[in-house]
Amino acid sequence: MRSSISRRLYPLAAAALLVGALPACSLARQPATAAQAAPALASARPAKPIPDEEPAVTQEVAELLGQLAGGRAPRSRFTEKGAATVLAEMDQNLAPRLRECGIPVTLELLARTVDGEDRQYRYRLRCRAQPLLLDIVYNKAARVNRLQLLPE
């Protein structure tokens, strides 16, 4: 059982701890800068190209982009999932953005990874207005499973 003095001092001690901790809490609640929130944003340098050890794939991607820009990409180059997303966006989004880049597009390979049976490539498209990033995923049958254009 606590004495009457400790019962009186306990709330005061708790308040003192709380007051002492508040400045630290207020510092933690200050909004973070973009560099603190995402260190990758601090260095806005573009990624450097890597050596292209599969120039035939890069050539195939460039040809596919030319076909998409012209609105005539063959369905046989895509998986069902890829065709459903890419060909649906072709007329509204992809073709106009690719035509702005100019055909033939200049591609720089930035990354190549393998995820199971899928090969994933990231390219930079040197467009006139703004460089774009292209993420493209091929399945084991060399058909496009995903294709996405992003601003760099």
A73 to M90 - nearest heavy-atom pair and separation: N-SD, 4.1 Å
Looking only at non-hydrogen atoms, find the nearest pair between E108 and P49 and report the distance. OE1-CG, 3.8 Å
Give a yes or no on whether V137 and I50 share a hydrophobic cluster (residues Ile, Leu, Val, Met, Phe, Trp, Tyr; joining criterion: side-chain heavy atoms under 4.5 Å apart). no
Mind listing the closest non-hydrogen atom pair of L94 and L149 along with its distance? CD2-CD1, 3.6 Å
d(Y138 OH, E60 CD) to nearest 0.5 Å is 4.0 Å
Strictly distance-based, threshold 3.5 Å: is any side-chain N or O of R72 a donor or acceptor partner for the main-chain N or O of Q67? no
Output the distance between atom OG1 (T79) and atom CZ (R146), rounded to the nearest 0.5 Å. 11.5 Å
To the nearest 0.5 Å, what is the distance between CZ on R143 and CZ on R77? 11.5 Å
Distance (rounded to the nearest 0.5 Å) between N139 CG and D115 CG: 12.5 Å
Say you draw a straight line from NZ of K140 to CG of N145; how long is it, rounded to the nearest 0.5 Å? 12.5 Å
Within a strict 4.5 Å, meaning less than it, do heavy atoms of the R119 and E54 side chains meet? yes
Does a side-chain heavy-atom distance below 4.5 Å link V105 with V61? no
Can you give me the closest heavy-atom contact between A47 and E152, atom names plus distance? N-OE2, 4.4 Å
Non-hydrogen atoms of Y121 and L109 that approach each other most closely: CD2-CD1, 4.1 Å
CZ of F78 to CG of L147, rounded to nearest 0.5 Å, is 6.5 Å
Test log, rule side chain to side chain contact (heavy atoms under 4.5 Å, CB included), inputs L98 and L132: CA-CA 9 Å; L98 289 170; L132 297 174; 5.6 Å; no
Closest non-hydrogen atom pair between N93 and R97, with its separation: OD1-CD, 3.1 Å
D135 and Q120, any side-chain heavy atoms less than 4.5 Å apart: no
Begin with the C-alpha distance, continue with both residues' side-chain angles, and end with the deciding distance and a verdict on side chain to side chain contact (heavy atoms under 4.5 Å, CB included) for D52 and L107. CA-CA 10 Å; D52 191 353; L107 296 173; over 6 Å; no
Applying the 4.5 Å side-chain criterion to the ILVMFWY set and letting contacts propagate, would V86 and V57 be lumped into a single cluster? yes
Is there a path of hydrophobic side-chain contacts, each under 4.5 Å between heavy atoms of I/L/V/M/F/W/Y residues, joining L87 to L134? yes
Using the rule that two of Ile, Leu, Val, Met, Phe, Trp, Tyr join whenever any of their side-chain heavy atoms come within less than 4.5 Å, decide whether L64 and L110 are in one cluster. no
